[in-house]
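Everything on this sheet refers to the single structure shown next.
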Amino acid sequence: MKKDIYATLDLTKSLEDFKLEVTKLLELTNVREWDGQIVKEREQKIRDTALILAGQSIALFLYNLSQSQEALDTAITQTQGWWHPQTQRHGLRKRQILTVGNVLVTLILPYVVTITEKNDKNKSGSQGFCPFLKWLGMSEGLTPLAWSTTAQYGAITSSFKAACTTLTGWGINLSLKRIELLTYKFGQIGINLRQSKILSRQLGNLAEGNILKDQRVVIAVDGGRSRIRINKKGRKNSKTKRHGFIGKWIEPKLFTIYVVDEQGKKINTSEIPITNDGTYEGYKALLEILEVYLVDLGISQAKQVLLIGDGAEWIWIHIPPLLARLGCPVETYQLFDFYHVTENIKVFADAAFNEEVQSKEWFIKVRKSLKKGKAKSLITQMDELIAVATGERCKIMVTKRNYILDAYRKGRLNYDKAINKKLPIGSGAIESLIRQVINLRIKGNSKFWLKENAEIMLHLRCKWMAGSWDNFCGSIFNSFIKPQTA
């Protein structure tokens, strides 16, 4: 597709150009020589032509909107919150906006500027913006659809290079660096909105929602693993002209909140969406984020709540008290992930028996009994096997027995009750989320992320995986509207 196609601002001409191009592509000549590749090329050209027509139509729409005095007045009103006492109107400015189909439209728009105090060089500085573009989320030089699509592919593809290829195919021709910057800026706005909700909660201003009213709620929590880069201090390398860095493994912590119906099937609708998020900033930051989502969803009005995770201490030390403080219902349960528990039992079995056949047979038997709620019987059998074990094997067996015993004493092995209530016993939802969000993009050979960029990527991919991308985009573009408050 051609790059930088300028808007004609003439719908009749755009339709004529489209008709002319497509008419040629609809011709059936030398059909006997055709194959799938030729049909594919025709498809591509028809799609590109349609995208150009779409871009020309959007360009005309934006131009007409920019000529509307009502729209210009609304832009001023809806952006008053961005103005400062020193902000004043400063004439008109030309601004180019990119639409789909690589169509560029030039708009002449009112511009406002904020005069700042003189800086160290005795020069006055100024910062300005076009209220029209700020109001509609186009200050970055793209339409809202083009920007959100750029951020979407920048986040969900395997790399920014892959995103560049995909976006070019759909008529958004941007450089690799610009795709990266636009993705991070879009995601950072989301992070800022999340932080503002946390602040509202701390100030007691966050209203409680009711999405989870009378619902059966599952909260699954776990941690991933990826490397971040920490830049070295001092001078830049004389050859590379860059600062060196060290790589550090760090555990991002994630959660997913979802609802199951009476048959135990996961619900994911616009009325009852899945909620995913996480952070690289440690468990305290995760607790703040989790609290905001739970209040926003109305966790105190839920019918049942199940907290499920592995044996990580931070989960069980901090999240149950949080749920109690938020007024979770009486029917609030805690479970160790069944499959994580059985992994520990398998290690115990391998240490307890010399023969693989015996180990496998015993493991299958106790695994079934654990599902039936016979955890106490399992611990008794483990104690009996430990009594006749020696050396290093005995140490492994004691460690695994203690893990099971601690979970049993805290009531986190009641799988029979969960099965009877048709609640999940495994944390497959969070394991899958970690794989999709962390392992397939952030974690990898030779991947070292700046922590702030990893945080943004995690946040964006969580929104995409939850199926709430459109709502997320809506909150981003709505955040640009800032009317004057009393």
Please report the C-alpha distance between Lys3 and Asn102 in whole Å, then the side-chain angles of each, then the deciding distance to 0.1 Å, and finally whether the side chain to side chain donor-acceptor pair (under 3.5 Å) criterion is met. CA-CA 6 Å; Lys3 188 176 181 181; Asn102 293 325; over 6 Å; no

Please say whether more than 12 non-hydrogen atoms of neighbouring residues, nucleotides or ligands are located less than 6.0 Å from OH in Tyr63. no

Note, Val218 side chain near Ile257 side chain (heavy atom, < 4.5 Å): no

Do Leu133 and Arg95 make a side-chain contact, defined as non-hydrogen atoms from C-beta onward lying under 4.5 Å apart? yes

Could you check whether any side-chain N or O of Asp350 sits under 3.5 Å from a backbone N or O of Val347, counting only pairs where one atom can act as donor and the other as acceptor? no

For Phe472 together with His459, are the ring centres under 6.0 Å from each other? yes

Go through Phe160 and Tyr184 one step at a time and tell me if the ring-ring contact (aromatic ring centres under 6.0 Å, His included) criterion holds. CA-CA 11 Å; Phe160 287 118; Tyr184 286 144; 5.6 Å; yes

What do you reckon, are the aromatic ring centroids of Tyr111 and Phe129 less than 6.0 Å apart? no

Is it the case that the side chain of Ser432 and the backbone of Gly428 share a donor-acceptor pair, with hydrogens and angles ignored and the cut-off at 3.5 Å? no

Evaluation steps, side chain to side chain contact (heavy atoms under 4.5 Å, CB included), between Leu306 and Lys421: CA-CA 11 Å; Leu306 170 65; Lys421 293 180 180 293; over 6 Å; no

Arg412 side chain to Leu335 main-chain N or O, any donor-acceptor pair under 3.5 Å? no

Is it the case that Lys482 places NZ or CZ above or below the six-membered ring of Trp82, under 6.0 angstrom from the centre and within 45 degrees of the axis? yes

Side-chain donor-acceptor contact under 3.5 Å, Asp337 with Ser427: yes

To the nearest 0.5 Å, what is the distance between CD on Gln80 and CD on Gln78? 10.0 Å

Would you say NZ of Lys134 has more than 12 non-hydrogen atoms from neighbouring residues, nucleotides or ligands within 6.0 angstrom? yes

Within a 6.0 Å radius of atom CZ on Arg435, are there more than 12 heavy atoms belonging to other residues, nucleotides or ligands? no

Atom pair CG/CG of Asp310 and Asn344 - distance to nearest 0.5 Å: 9.5 Å

Determine yes or no for a side-chain-to-main-chain donor-acceptor pair under 3.5 angstrom, with Thr269 supplying the side chain and Ile272 the backbone. yes

Is it true that atom NZ of Lys248 has more than 12 heavy atoms of other residues, nucleotides or ligands lying nearer than 6.0 Å? no

Please answer whether the main-chain N or O of Lys213 pairs with a side-chain N or O of Asn210 as donor and acceptor at a distance below 3.5 Å. no

For a 4.5 angstrom cut-off between non-hydrogen side-chain atoms, does Leu167 reach Ile179? yes

I'd like to check Phe18 versus Ile52 (side-chain heavy atoms, cut-off strictly below 4.5 Å). Are they in contact? no

How long is the gap from NZ on Lys371 to CD1 on Ile425, to the nearest 0.5 Å? 4.5 Å

Tell me if the CD atom of Glu313 is crowded by more than 12 foreign heavy atoms within 6.0 Å. no

Atom pair OG/CZ of Ser159 and Arg441 - distance to nearest 0.5 Å: 6.0 Å

One pair to check against side chain to side chain contact (heavy atoms under 4.5 Å, CB included): Arg367 and Phe338. What are the steps and the verdict? CA-CA 9 Å; Arg367 188 176 184 272; Phe338 179 76; 3.8 Å; yes

Quick test of your reading of the model: are Glu208 and Arg201 salt-bridged, counting only N-O distances below 4.0 Å? no

Taking only Lys NZ, Arg NE, NH1 and NH2, and the carboxylate oxygens of Asp or Glu, determine whether Glu331 and Lys303 approach each other closer than 4.0 Å. no

If you measure from the Lys or Arg side-chain nitrogens to the Asp or Glu carboxylate oxygens, is any gap between Lys45 and Glu43 under 4.0 Å? no

Run the salt-bridge test on Arg194 and Asp277 with the 4.0 Å N-O cut-off and return the result as yes or no. yes

Backbone N/O of Trp147 and side chain of Gln152: donor-acceptor pair under 3.5 Å: no

Is there a side-chain contact between Gln334 and Lys410, using heavy atoms and a 4.5 Å cut-off? no

Out of curiosity, Leu206 CG to Glu291 CD, how far, rounded to the nearest 0.5 Å? 9.0 Å

To the nearest 0.5 Å, what is the distance between CG (Asn276) and CG (Leu433)? 4.5 Å

Check ion pair Asp296-Lys197 (N to O, under 4.0 angstrom): yes

Please name the pair of heavy atoms, one in Ala59 and one in Val103, separated by the smallest distance, quoted to 0.1 Å. CB-CG1, 4.1 Å

Without hydrogens or angle criteria, can the side chains of Thr87 and Thr114 be said to hold a donor-acceptor pair below 3.5 Å? yes

Step by step, would you call Lys185 with Glu140 a salt bridge (charged side-chain N to carboxylate O under 4.0 Å, His left out)? CA-CA 10 Å; Lys185 184 152 192 175; Glu140 297 302 315; 2.8 Å; yes

Residues Thr332 and Gln304: side-chain donor-acceptor under 3.5 angstrom: no

Does atom CZ of Phe61 have more than 12 heavy-atom neighbours, drawn from other residues, nucleotides or ligands, at distances under 6.0 Å? no

Test side chain to side chain contact (heavy atoms under 4.5 Å, CB included) on Val221 and Ile219; report intermediate values, then the result. CA-CA 7 Å; Val221 189; Ile219 305 169; 4.1 Å; yes

Report the C-alpha distance between Leu326 and Val295 in whole Å, list the side-chain angles of each, state the deciding distance to 0.1 Å, and finish with yes or no for side chain to side chain contact (heavy atoms under 4.5 Å, CB included). CA-CA 7 Å; Leu326 294 179; Val295 171; 3.8 Å; yes

Any donor and acceptor pair, going by atom type alone, linking the side chain of Ser468 with main-chain N or O of Asn471 inside 3.5 Å? no

Check for me whether Arg47 meets the cation-pi criterion with Trp170, that is, NZ or CZ under 6.0 Å from the six-membered ring centre and within 45 degrees of the ring axis. yes

Phe132 vs Trp135 aromatic rings, parallel, tilted or perpendicular, using cut-offs 30° and 60°? perpendicular

Would you please classify the geometry between the Phe336 ring and the Trp316 ring as parallel, tilted or perpendicular, with 30° and 60° separating the classes? tilted

Count the heavy atoms of every other residue, nucleotide or ligand shown that sit under 6.0 Å from NZ of Lys447, and state whether that count exceeds 12. yes

Qualifying residues under ring-ring contact (aromatic ring centres under 6.0 Å, His included), relative to Tyr293, sequence neighbours excluded: Phe255

Taking the side chain from Asn420 and the backbone from Asp416, do they hold a donor-acceptor pair closer than 3.5 Å? yes

Does any donor atom in the side chain of Thr183 or Tyr153 lie under 3.5 Å from an acceptor atom in the other side chain? no

Do Ile396 and Phe348 come within less than 4.5 Å of each other through their side chains, counting heavy atoms only? no

So, does Thr165 use its side chain to make a donor-acceptor pair with the main chain of Lys161 at under 3.5 Å? yes

Hey, does Leu174 have a side-chain heavy atom less than 4.5 Å from the side chain of Leu182? yes

Side-chain heavy atoms of Ile442 within contact of Leu458, under 4.5 Å: yes

If we ignore hydrogens and angles and just use 3.5 Å, is the side chain of Arg229 paired with the main-chain N or O of Leu450 as donor and acceptor? no

Looking at Trp249, is Arg225 sitting on its ring face, NZ or CZ under 6.0 Å from the six-membered ring centre and within 45 degrees of the normal? yes

